[in-house]
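These notes concern the structure reproduced below.
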Amino acid sequence: MTTGPISISERDLSSLLPMNKLVEALRTSFKDGCHAPPREHHEIDVASGENATLLLMPAWSKQGPRRYLGVKQVNVFPGNARISKPALTSIYNLFDGDTGEHLASMDGNTITGRRTVAVSALAASYLSRPDATTLTVVGSGRIASLIPYAYKAVRDIQHVKIWDIDPASAERLRLKLTDDGFGCEIVESLEEAVNSADIVSAATLSRTPLVLGKWLHPGTHVDLIGAFTADMRESDDECIARADVYVDTMEAFHEAGDLIQPQRSNAIDRDHVKGTLADIVSGRLPGRQSRDAVTVFKAVGTALADLSAASLAYEGSSKQFKSSSRKV
């Protein structure tokens, strides 16, 4: 007997998607692959003058004991910052990959946030130095606030430095991280924050470079999460040009200003990018090749990661339901 689709709340998703399990689920998913058509972008005129974006991201399983199909709808309204509302809102719908039956609806923001930082942590497990202990987080918003927890799942992060243009937001993040046991401080100088870090992770909506190549010491791993359109960027040409660069998906070439703009200025060519996360996870590429190499991981988000996270959450929720049913 079918009971219809379930609804999984933001709070439940957070408990169903612990970072250690999510990173490992993503490792399997990037190795196995899935069908993920190019995402659809639709520009929406907004009265404030800052245009919004509607994203549609479908994906479905190639194989597995149970096949899934899912689609995420994301609304990106950058102008919301002025009215103290989130710039990103989204919903994820999961279906049975063989029958099309609607299985679950869940908070897309939580799926996006947790899978985003978990993908970055997965990449860092191959691209950062194994002995990395110091993490600089550029930004302090919803996704940036999750970065230390994800990296803690793959590296022995002992100290977190936070840089943000909003001191109050940075302080809120510092207090939360401190309460959760992280050694943590706010750094006023972005140059110092980048120069003193083993790992630099940026999650902003910046349209101008924040992480400069001249600030990076040998062995640094740079993780660029935020800028996802051609006119946005978090790094300068020198940062990209001096690094071994990897991407989450080849769509990054067409969407990420951190790659598009250095190509336009002839700082790099397309061959400068070493490969994708799937190349590394599958063993086709080795990842970090020397202790002193500077590495960059540029993510624009992939429907594969959404599907992996949503499937993990659904299966975990189903197990909890079955367990509670047996007790009754």
In this structure, OG1 of Thr276 is separated from CD1 of Ile280 (nearest 0.5 Å) by 7.5 Å

Please report the shortest heavy-atom distance between Ser61 and Leu307, naming the atom on each side. N-CD2, 3.8 Å

Given salt bridge (Lys or Arg N to Asp or Glu O under 4.0 Å), test Arg66 with Glu315 step by step and report yes or no. CA-CA 10 Å; Arg66 183 165 188 182; Glu315 291 176 357; over 6 Å; no

Is any side-chain heavy atom of Arg291 closer than 4.5 Å to a side-chain heavy atom of Asp131? yes

Are there over 12 heavy-atom neighbours, none belonging to Lys161, within less than 6.0 Å of that residue's NZ? yes

Just by modelled atom types, is the Arg284 backbone N or O under 3.5 Å from a matching donor or acceptor in the Asp279 side chain? no

Measure the shortest side-chain to side-chain distance between Arg129 and His221 over non-hydrogen atoms and say whether it is less than 4.5 angstrom. no

Polar side-chain atom of Asp248 near backbone of Val300 as donor-acceptor pair, under 3.5 Å: yes

Considering all heavy atoms of both residues, which atom of Leu94 and which atom of Ala310 are nearest to each other, and what is their separation? CD2-O, 3.9 Å

Quick check: closest heavy atoms across Phe228 and Val76, and the distance to 0.1 Å? CZ-CG1, 3.7 Å

CG of Leu216 to OG of Ser235, rounded to nearest 0.5 Å, is 9.5 Å

Where Leu16 and Ala313 come nearest, the two heavy atoms and their spacing: CD1-O, 3.6 Å

In Å, rounded to the nearest 0.5 Å, how long is the span from CG of Leu146 to OG of Ser120? 11.0 Å

Could you state the interatomic distance from NZ (Lys72) to CZ (Arg39), rounded to the nearest 0.5 Å? 8.0 Å

With no hydrogens and no angle check, is any side-chain donor or acceptor of Trp163 less than 3.5 Å from a backbone partner on Glu188? yes

Determine yes or no for a side-chain-to-main-chain donor-acceptor pair under 3.5 angstrom, with His102 supplying the side chain and Ala104 the backbone. yes

May I ask you to decide if Phe77's main-chain N or O and Glu50's side chain share a donor-acceptor pair within less than 3.5 Å? no

Here the gap from Leu312 atom CG to Arg114 atom CZ, rounded to the nearest 0.5 Å, amounts to 10.5 Å

Is it the case that atom CD1 in Ile165 sees more than 12 heavy atoms from other parts of the structure closer than 6.0 Å? no

Donor-acceptor contact present, side-chain Arg155 to main-chain Ser125, <3.5 Å: yes

Under 4.0 Å between a Lys/Arg side-chain N and an Asp/Glu carboxylate O for Arg174 and Glu171? yes

When you measure from the side chain of His217 to the backbone of Ala197, do you find a donor-acceptor pair of N or O atoms at a distance under 3.5 Å? yes

Are the side chains of Ser317 and Asp12 in contact, using a 4.5 Å heavy-atom criterion? no

Electrostatic pair Lys62-Asp32, nearest N-O below 4.0 angstrom: no

Under the criterion salt bridge (Lys or Arg N to Asp or Glu O under 4.0 Å), I'd like the reasoning laid out for Arg172 against Asp164: C-alpha separation, chi angles, the key distance, then a yes or no. CA-CA 11 Å; Arg172 286 192 295 272; Asp164 194 275; over 6 Å; no

Under 3.5 Å, is there a donor-acceptor pair between the side chain of Glu234 and the main chain of Gly226? yes

Arg142 (side chain) donor-acceptor with Pro86 (main chain) under 3.5 angstrom: no

Drop me the distance from Thr133's OG1 to Asp198's CG, to the nearest 0.5 angstrom. 5.0 Å

For Leu177, which of Ser140, Cys184, Ser145 qualifies under side chain to side chain contact (heavy atoms under 4.5 Å, CB included)? Cys184

Short side-chain to backbone donor-acceptor contact, His42 and Leu56, under 3.5 Å: no

Glu251 and Pro38: which non-hydrogen atoms are nearest, and at how many Å? OE2-CA, 3.5 Å

